[in-house]
Chemist: 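Provided herewith is a single structure, encoded as structure tokens, for subsequent inquiry.
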Amino acid sequence: SLGGTASNGFSEATIDDLFVDLGGPTIGATAVVETVEGIERISADGAVRDMPVEELGLYWPKGLAENTRDWMLANLTVGTLGETLVSVAGRIDEETGFEAEAVKGSIGYENLSVQYIEGLPLVEGVNGRAEFDENSFDLFLETGRLSKLTLHEGTINLKDLSGDTT
């Protein structure tokens, strides 16, 4: 379903309610698109629920928090993202398309298998939450298993994911 309005000769548009049922995962969103000083700007808030990590790459757009996306696609192999909340702000460029200027959000995750560092054993049965932005990804582990070790609590902070070394 989709509900919204457009005004000022379509130079401003608001999506009040977007809901998509993907036959398991669901996506809900709101967004505002407006032209400010000749630049098309967009801000959006979304919620994704019950997303299997195996399907994450199908729905997370390339170019949106790309380093965080790449890390998650490479290192999460099994499990469910129960609720993901994301806020995005950026601009639409005629030549390059959408350019995100700010991205932040949170993820609730269940029963993940995670390869935190290449060469180390998988951490399995991982439950918890994460917070992210365009430069960092912080995981707050509630439970999990590493070989025969049961994990009850932990934090992993991944920083400088933007790849910008300046």
Side-chain angles (χ1 to χ4, degrees), residues 15-32 41-92 97-166:
I15 297 174
D16 297 315
D17 179 38
L18 168 69
F19 181 78
V20 179
D21 186 338
L22 301 170
T26 61
I27 299 172
T30 61
V32 175
R41 306 200 57 79
I42 185 168
S43 59
D45 295 307
V48 180
R49 291 181 175 78
D50 302 322
M51 176 65 66
V53 296
E54 299 88 347
E55 297 178 18
L56 188 58
L58 299 173
Y59 301 107
W60 188 336
K62 290 181 180 180
L64 183 61
E66 189 145 8
N67 291 324
T68 301
R69 177 189 186 275
D70 291 347
W71 187 90
M72 290 182 67
L73 294 179
N75 293 289
L76 304 180
T77 58
V78 173
T80 303
L81 305 179
E83 179 177 66
T84 300
L85 303 175
V86 64
S87 294
V88 179
R91 56 184 273 159
I92 301 170
F98 178 72
E99 296 177 7
E101 296 170 344
V103 178
K104 68 177 185 174
S106 63
I107 302 171
Y109 50 85
E110 303 164 1
N111 201 32
L112 296 182
S113 291
V114 183
Q115 181 73 55
Y116 288 101
I117 298 175
E118 189 175 337
L120 293 181
L122 282 176
V123 181
E124 299 176 295
V126 177
N127 297 295
R129 65 181 180 82
E131 296 175 0
F132 64 91
D133 60 28
E134 59 274 3
N135 297 310
S136 64
F137 190 74
D138 300 321
L139 296 113
F140 304 98
L141 174 78
E142 294 172 5
T143 60
R145 293 181 315 281
L146 177 61
S147 297
K148 294 181 182 180
L149 179 65
T150 300
L151 307 171
H152 295 287
E153 186 176 310
T155 303
I156 297 172
N157 303 108
L158 303 171
K159 302 292 182 195
D160 299 322
L161 295 175
S162 68
D164 184 4
T165 58
T166 59

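We use all heavy atoms of the structure for the numbers below, so side chains are in, but hydrogens, waters and symmetry mates are not. Residue numbers start at 1 and run along the sequence shown.
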Chemist: Give me the atom names and distance for the closest heavy-atom approach of Leu146 to Leu151.
Modeler: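 Looking at all heavy atoms of both residues, the shortest contact is CB-CD1, 4.2 Å.
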Chemist: According to the salt bridge (charged side-chain N to carboxylate O under 4.0 Å, His left out) rule, which pairs have a member within residues 135-147, sequence neighbours left out?
Modeler: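 Salt bridge (charged side-chain N to carboxylate O under 4.0 Å, His left out) check on residues 135-147 returns Asp138-Lys159.
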Chemist: Determine which pairs satisfy salt bridge (charged side-chain N to carboxylate O under 4.0 Å, His left out) with at least one residue from residues 53-72, sequence neighbours left out, and list them in order.
Modeler: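 Not a single pair qualifies under salt bridge (charged side-chain N to carboxylate O under 4.0 Å, His left out).
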Chemist: What pairs with Thr143 under side-chain contact (heavy atoms from CB on, under 4.5 Å), at least two apart in sequence or on another chain?
Modeler: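 Only Asn127 meet the side-chain contact (heavy atoms from CB on, under 4.5 Å) criterion with Thr143.
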Chemist: State which residues pass side-chain contact (heavy atoms from CB on, under 4.5 Å) with Thr155; sequence neighbours excluded, sorted by chain then number.
Modeler: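 Thr155: side-chain contact (heavy atoms from CB on, under 4.5 Å) contacts with Phe140, Asn157.
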Chemist: Who are the salt bridge (Lys or Arg N to Asp or Glu O under 4.0 Å) partners of Glu101, not counting sequence neighbours?
Modeler: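 Here the qualifying residues are Arg41.
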Chemist: Can you name the nearest heavy-atom pair linking Val126 to Tyr109, along with the distance?
Modeler: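 Where Val126 meets Tyr109 most closely, the heavy atoms are CG1-CE1, 3.5 Å.
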Chemist: Can you name the closest pair of heavy atoms from Met72 and Leu81 and give their distance?
Modeler: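 In terms of heavy atoms, the two residues are closest at CE-CD1, 4.2 Å.
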Chemist: With sequence neighbours left out, write down each residue that passes side-chain hydrogen bond (donor to acceptor under 3.5 Å, both in side chains) with Glu99, or none if nothing qualifies.
Modeler: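 Glu99: side-chain hydrogen bond (donor to acceptor under 3.5 Å, both in side chains) contacts with Thr96.
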Chemist: Nearest 0.5 Å, please: how far is CG in Leu112 from CG in Leu141?
Modeler: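 The CG atom of Leu141 sits 9.5 Å away from the CG atom of Leu112.
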Chemist: Which heavy atom of Thr30 sits nearest to which heavy atom of Asp16, and what is that distance?
Modeler: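 Result for this residue pair: CG2-O, 3.2 Å.
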Chemist: Please tell me if the side chains of Val88 and Phe98 come closer than 4.5 Å, counting only heavy atoms from C-beta onward.
Modeler: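 Yes. Closest side-chain heavy atoms under 4.5 Å.
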Chemist: Identify the heavy atoms of Asn111 and Gly125 that sit nearest to each other, and give their distance.
Modeler: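 For Asn111 versus Gly125, the nearest heavy atoms are OD1-CA, 3.4 Å.
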Chemist: With Asp50, which residues qualify under side-chain contact (heavy atoms from CB on, under 4.5 Å), at least two apart?
Modeler: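 With neighbours one apart ignored, the set is empty.
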Chemist: Does atom CG (Leu149) have a neighbourhood of more than 12 heavy atoms from anything else shown, all under 6.0 Å?
Modeler: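 More than 12 heavy atoms, drawn from other residues, nucleotides or ligands, come within 6.0 Å of this atom.
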Chemist: Taking salt bridge (Lys or Arg N to Asp or Glu O under 4.0 Å) as the test, write out the residues that go with Glu131, two or more places apart.
Modeler: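 Glu131 satisfies salt bridge (Lys or Arg N to Asp or Glu O under 4.0 Å) with Arg129 only.
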Chemist: Among residues at least two apart in sequence or on other chains, which ones pass side-chain hydrogen bond (donor to acceptor under 3.5 Å, both in side chains) with Asp17?
Modeler: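 If we apply the side-chain hydrogen bond (donor to acceptor under 3.5 Å, both in side chains) test to Asp17, skipping adjacent residues, there are no hits.
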Chemist: What pairs with Ser87 under side-chain hydrogen bond (donor to acceptor under 3.5 Å, both in side chains), at least two apart in sequence or on another chain?
Modeler: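 In terms of side-chain hydrogen bond (donor to acceptor under 3.5 Å, both in side chains), with neighbours along the sequence ignored, Ser87 is linked to Asp45.
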Chemist: Please identify which of these residues, Val103, Leu158, Leu139, meets the side chain to side chain contact (heavy atoms under 4.5 Å, CB included) condition with Phe132.
Modeler: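 It is Val103; the other options fail the test.
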Chemist: Arg49: what forms a side-chain hydrogen bond (donor to acceptor under 3.5 Å, both in side chains) with it, not counting sequence neighbours?
Modeler: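 In terms of side-chain hydrogen bond (donor to acceptor under 3.5 Å, both in side chains), with neighbours along the sequence ignored, Arg49 is linked to Glu83.
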Chemist: Who pairs with Val48 by side-chain contact (heavy atoms from CB on, under 4.5 Å), at least two apart in sequence or on another chain?
Modeler: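 Ile27, Met51, Thr84.
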Chemist: Tell me the closest heavy-atom pair linking Leu85 and Ala47, and the distance in Å.
Modeler: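 For Leu85 versus Ala47, the nearest heavy atoms are CD2-CB, 3.6 Å.
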Chemist: Taking Leu120's backbone N and O only, do any of them form a donor-acceptor pair with Gln115's side chain (distance below 3.5 Å, no angle check)?
Modeler: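 The answer is yes, because a donor-acceptor pair under 3.5 Å joins these two groups.
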